[in-house]
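Below is one structure; the comments refer to it alone.
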Amino acid sequence: MADTNFNRLIVQGLLRRLRDLDIVTAQELGLAEEPDEGILERAATEGRILLTHDKVSIPPLVFERLQRGLSVPGVVIVPQDLPIGRLIWSSYL
């Protein structure tokens with residue numbers, strides 16, 4: 001699942017490279033206005049890894065969930081300054 005502010009060009013590039021990739025955006029799920037806690041909860045409920053650029057608020061939320069014994073299928077924090085082509089190519093290998 002791509003977080004609300006995750007770069008759509010990355011999502012589009014990944015889908016072009018990996019046609020069978022099961023990826024949805026928070027917007028597609030109607031979560032555009034949902035706080036980070038809700039997006040993380042939805043990802044966990046659906047067993048989805050969360051793709052995000054948010055290195056500030058997401059890690060503490062993950063830690064909090066783990067402390068409460070709640071599941072976190074995974075979170076990938078992608079630096080915003082990472083070149084899109086490099087990211088997409090790396091994920092393809």
Side-chain angles (χ1 to χ4, degrees):
M1 175 190 295
D3 199 355
T4 307
N5 296 321
F6 196 75
N7 188 326
R8 300 279 247 163
L9 294 175
I10 295 172
V11 172
Q12 291 168 357
L14 288 171
L15 286 170
R16 271 192 224 106
R17 284 264 188 206
L18 306 166
R19 297 199 185 272
D20 294 336
L21 183 65
D22 179 16
I23 186 170
V24 294
T25 65
Q27 292 85 342
E28 291 170 332
L29 296 174
L31 303 174
E33 302 299 320
E34 189 72 23
D36 290 336
E37 295 89 344
I39 292 173
L40 193 55
E41 173 65 29
R42 181 71 176 266
T45 299
E46 294 187 10
R48 292 184 177 275
I49 295 170
L50 181 66
L51 301 173
T52 186
H53 296 297
D54 187 348
K55 61 183 180 185
V56 175
S57 64
I58 295 295
L61 294 174
V62 169
F63 184 70
E64 178 185 325
R65 284 186 65 82
L66 293 172
Q67 280 188 315
R68 293 178 22 219
L70 300 174
S71 68
V72 180
V75 174
V76 176
I77 299 173
V78 178
Q80 287 186 325
D81 59 349
L82 186 66
I84 294 172
R86 181 173 169 206
L87 172 71
I88 293 168
W89 181 253
S90 297
S91 65
Y92 182 65
L93 296 177

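No experiment lies behind these values; they were computed from the predicted model shown.
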Applying side chain to side chain contact (heavy atoms under 4.5 Å, CB included), name anything that partners [X], two or more places apart in sequence or on another chain.
| X | value |
| --- | --- |
| R65 | L40, E41, A44, L70, S71, V72 |
| P60 | none |
| T25 | A2, R8, V11, Q27, E28 |

Exercise. Has E33 got more than 12 heavy atoms of other residues, nucleotides or ligands less than 6.0 Å from its CD?
Worked result: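 No, CD of E33 has 12 or fewer neighbouring heavy atoms, counting only those of other groups under 6.0 Å.
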To the nearest 0.5 Å, what is the distance between [atom1] on [X] and [atom2] on [Y]?
| X | Y | atom1 | atom2 | answer |
| --- | --- | --- | --- | --- |
| L15 | D20 | CG | CG | 10.5 Å |
| R42 | M1 | CZ | CE | 6.0 Å |
| E34 | D3 | CD | CG | 11.0 Å |
| N7 | I84 | CG | CD1 | 4.0 Å |

For this session: List the atom of A43, the atom of P73, and the distance in Å for their closest heavy-atom pair.
Result: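 Looking at all heavy atoms of both residues, the closest pair is O-CG, 3.9 Å.
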For this session: List the steps and the verdict of side-chain contact (heavy atoms from CB on, under 4.5 Å) for D54 and N5.
Result: CA-CA 8 Å; D54 187 348; N5 296 321; over 6 Å; no
Exercise. side-chain contact (heavy atoms from CB on, under 4.5 Å) with T52: which of T4, I39, V75?
Worked result: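 Among T4, I39, V75, the one meeting side-chain contact (heavy atoms from CB on, under 4.5 Å) with T52 is V75.
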Do [X] and [Y] belong together in a cluster built from hydrophobic side chains that touch within less than 4.5 Å?
| X | Y | result |
| --- | --- | --- |
| V24 | I58 | yes |
| V76 | L61 | no |
| L29 | I49 | no |

For this session: Tell me, with the steps shown, if I23 and L51 meet side-chain contact (heavy atoms from CB on, under 4.5 Å).
Result: CA-CA 10 Å; I23 186 170; L51 301 173; 3.5 Å; yes
Exercise. How would you list all residue pairs meeting ring pair (Phe, Tyr, Trp, His ring centres under 6.0 Å) that involve residues 24-75, not counting sequence neighbours?
Worked result: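 Every pair satisfying ring pair (Phe, Tyr, Trp, His ring centres under 6.0 Å) with a residue in residues 24-75: F6-H53.
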For this session: Please name all residues satisfying salt bridge (charged side-chain N to carboxylate O under 4.0 Å, His left out) with R48, sequence neighbours left out, ordered by chain then number.
Result: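 Salt bridge (charged side-chain N to carboxylate O under 4.0 Å, His left out) list for R48, sorted by chain: D22, E46.
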Problem set entry | Pairing residues for E64 by the salt bridge (charged side-chain N to carboxylate O under 4.0 Å, His left out) criterion, not counting sequence neighbours |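 In terms of salt bridge (charged side-chain N to carboxylate O under 4.0 Å, His left out), with neighbours along the sequence ignored, E64 is linked to R68.
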